[in-house]
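All residue numbers in this chain count up from 1 along the given sequence.
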Amino acid sequence: MGKPEIEHLLKIKTRFLKKYHYLKRDSAGVITWYGSWNRKNEQAGIQTITIKDNKYARINYTLTSTRTSEKRDFNYTIPLTTTPCNFGGVRYWFRCQLIKNGELCNRRVANLYKYGDLFGCRHCHDLTYGSRNLSGFYKSFGVLLSDDELLQKEHEIRCRFYKGKPTKRYARFLRLTKRHEEMFNLGLSLLNKKTTDITKNK
């Protein structure tokens, strides 16, 4: 069994918070993001992430076991830091606050993942990407997306061509679609071969 895969976990992204202006202070210096989730064996009715003075994020949520109805409250802060961008502005990062082997991580990361009770970086949670857990011929193609996921990715592309050439994002989508089709055709070919072999052995 491979390591837990980040694609299936809850995550918080600084890129998301910045894109939707949650990192832009209002007059009170506080921005709060609300969310909720419902996962196997647990659910959270309300989750808040409060950005205070662009220096830290306070995460507050209550986990409820769907099996025992037991509730557990969590309320902790994660520092924010910035680095300058080449063309002006700054990029935001979290400082992971998990403790591993008796030491504070404090690693600068763009994404935090919830594995277990707390949000932390993928290194502390010992997470991996789905493509790294693949084996055999599947590894050469990577993780397949569903048709709905492909449509969603296509819908998110605002600009497909620039000066007559595909944009980088659209080019990545085309490569992803091609890989999806190749994997599907390979799987269909193997299924037909297996069916033929079974018929011959009868």
Side-chain angles (χ1 to χ4, degrees), residues 1-82 91-134 142-153 155-156:
M1 184 177 179
K3 297 179 180 180
E5 299 173 1
I6 65 174
E7 289 87 354
H8 306 299
L9 300 177
L10 292 163
K11 61 182 70 70
I12 306 171
K13 300 181 177 182
T14 55
R15 185 177 180 182
F16 172 88
L17 295 174
K18 184 176 182 180
K19 179 180 179 181
Y20 293 100
H21 309 294
Y22 293 112
L23 291 170
K24 184 177 181 181
R25 294 194 312 168
D26 60 11
S27 58
V30 176
I31 292 291
T32 301
W33 175 80
Y34 294 91
S36 63
W37 68 77
N38 194 330
R39 291 290 189 271
K40 184 178 181 180
N41 298 331
E42 72 174 25
Q43 64 181 18
I46 288 293
Q47 171 188 259
T48 64
I49 301 177
T50 303
I51 310 300
K52 176 66 174 177
D53 295 330
N54 287 11
K55 293 182 179 179
Y56 66 83
R58 177 172 294 280
I59 304 178
N60 190 325
Y61 53 91
T62 299
L63 293 182
T64 303
S65 170
T66 57
R67 293 180 297 183
T68 64
S69 297
E70 176 190 3
K71 295 181 181 294
R72 290 179 296 155
D73 296 323
F74 295 87
N75 189 331
Y76 52 96
T77 61
I78 298 176
L80 287 166
T81 187
T82 60
R91 181 176 181 182
Y92 285 88
W93 307 85
F94 293 115
R95 288 285 189 182
C96 177
Q97 296 298 287
L98 293 185
I99 296 177
K100 190 172 184 180
N101 299 325
E103 295 184 1
L104 175 66
C105 173
N106 208 36
R107 185 181 275 106
R108 191 179 68 189
V109 294
N111 303 327
L112 296 174
Y113 304 92
K114 183 184 173 296
Y115 183 68
D117 292 335
L118 304 175
F119 285 91
C121 71
R122 68 182 181 88
H123 306 280
C124 287
H125 284 318
D126 198 22
L127 308 176
T128 189
Y129 298 96
S131 57
R132 294 182 181 178
N133 274 343
L134 299 176
V143 178
L144 273 180
L145 300 178
S146 68
D147 291 337
D148 288 341
E149 288 173 320
L150 283 174
L151 288 173
Q152 178 62 30
K153 284 189 174 294
H155 178 71
E156 292 172 353

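Residues forming a ring-ring contact (aromatic ring centres under 6.0 Å, His included) with Tyr76 (at least two apart in sequence, or on another chain): none. Under the salt bridge (Lys or Arg N to Asp or Glu O under 4.0 Å) criterion, Arg72 pairs with Asp117, sequence neighbours left out. Among residues two or more places apart in sequence or in another chain, the side chain to side chain contact (heavy atoms under 4.5 Å, CB included) test is passed with Leu9 by Tyr113, Tyr115, Leu127. In this structure, Asn101 has no side chain to side chain donor-acceptor pair (under 3.5 Å) partners at least two apart in sequence or on a different chain. Thr68 is linked by a side chain to side chain contact (heavy atoms under 4.5 Å, CB included) to Ser65, Glu70, counting only residues two or more places apart in sequence or in another chain.
Using a 30° and 60° split on the angle between ring planes, Phe74 and Tyr61 fall in the parallel class, below 30°.
Distance CG/Leu98 to CG/Asn106: 11.0 Å, rounded to 0.5 Å. Within the model, atoms CG of Asp73 and OG1 of Thr64 stand 8.5 Å from one another, a figure rounded to the nearest 0.5 Å. With rounding to the nearest 0.5 angstrom, the OG1 atom of Thr82 is 11.0 Å from the CH2 atom of Trp93.
Leu10 and Phe119 get closest at one heavy-atom pair: O-CE2, 4.1 Å. The minimum heavy-atom distance between Cys96 and Cys124, with the atom names listed, is SG-SG, 3.9 Å.
Here salt bridge (charged side-chain N to carboxylate O under 4.0 Å, His left out) pairs that include residues 91-115, with residues two or more places apart or in two chains, are Glu42-Lys114.
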Take Ile78 and Tyr56 through the test side chain to side chain contact (heavy atoms under 4.5 Å, CB included) and record every step on the way to the result.
CA-CA 5 Å; Ile78 298 176; Tyr56 66 83; over 6 Å; no
Can you check side chain to side chain contact (heavy atoms under 4.5 Å, CB included) on Ile12 and Leu17, steps first, answer last?
CA-CA 8 Å; Ile12 306 171; Leu17 295 174; 4.2 Å; yes
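In this structure, His125 contributes its side chain and Leu112 its backbone to no donor-acceptor pair below 3.5 Å. A side-chain donor-acceptor contact under 3.5 Å links Thr14 to the backbone of Ala110.
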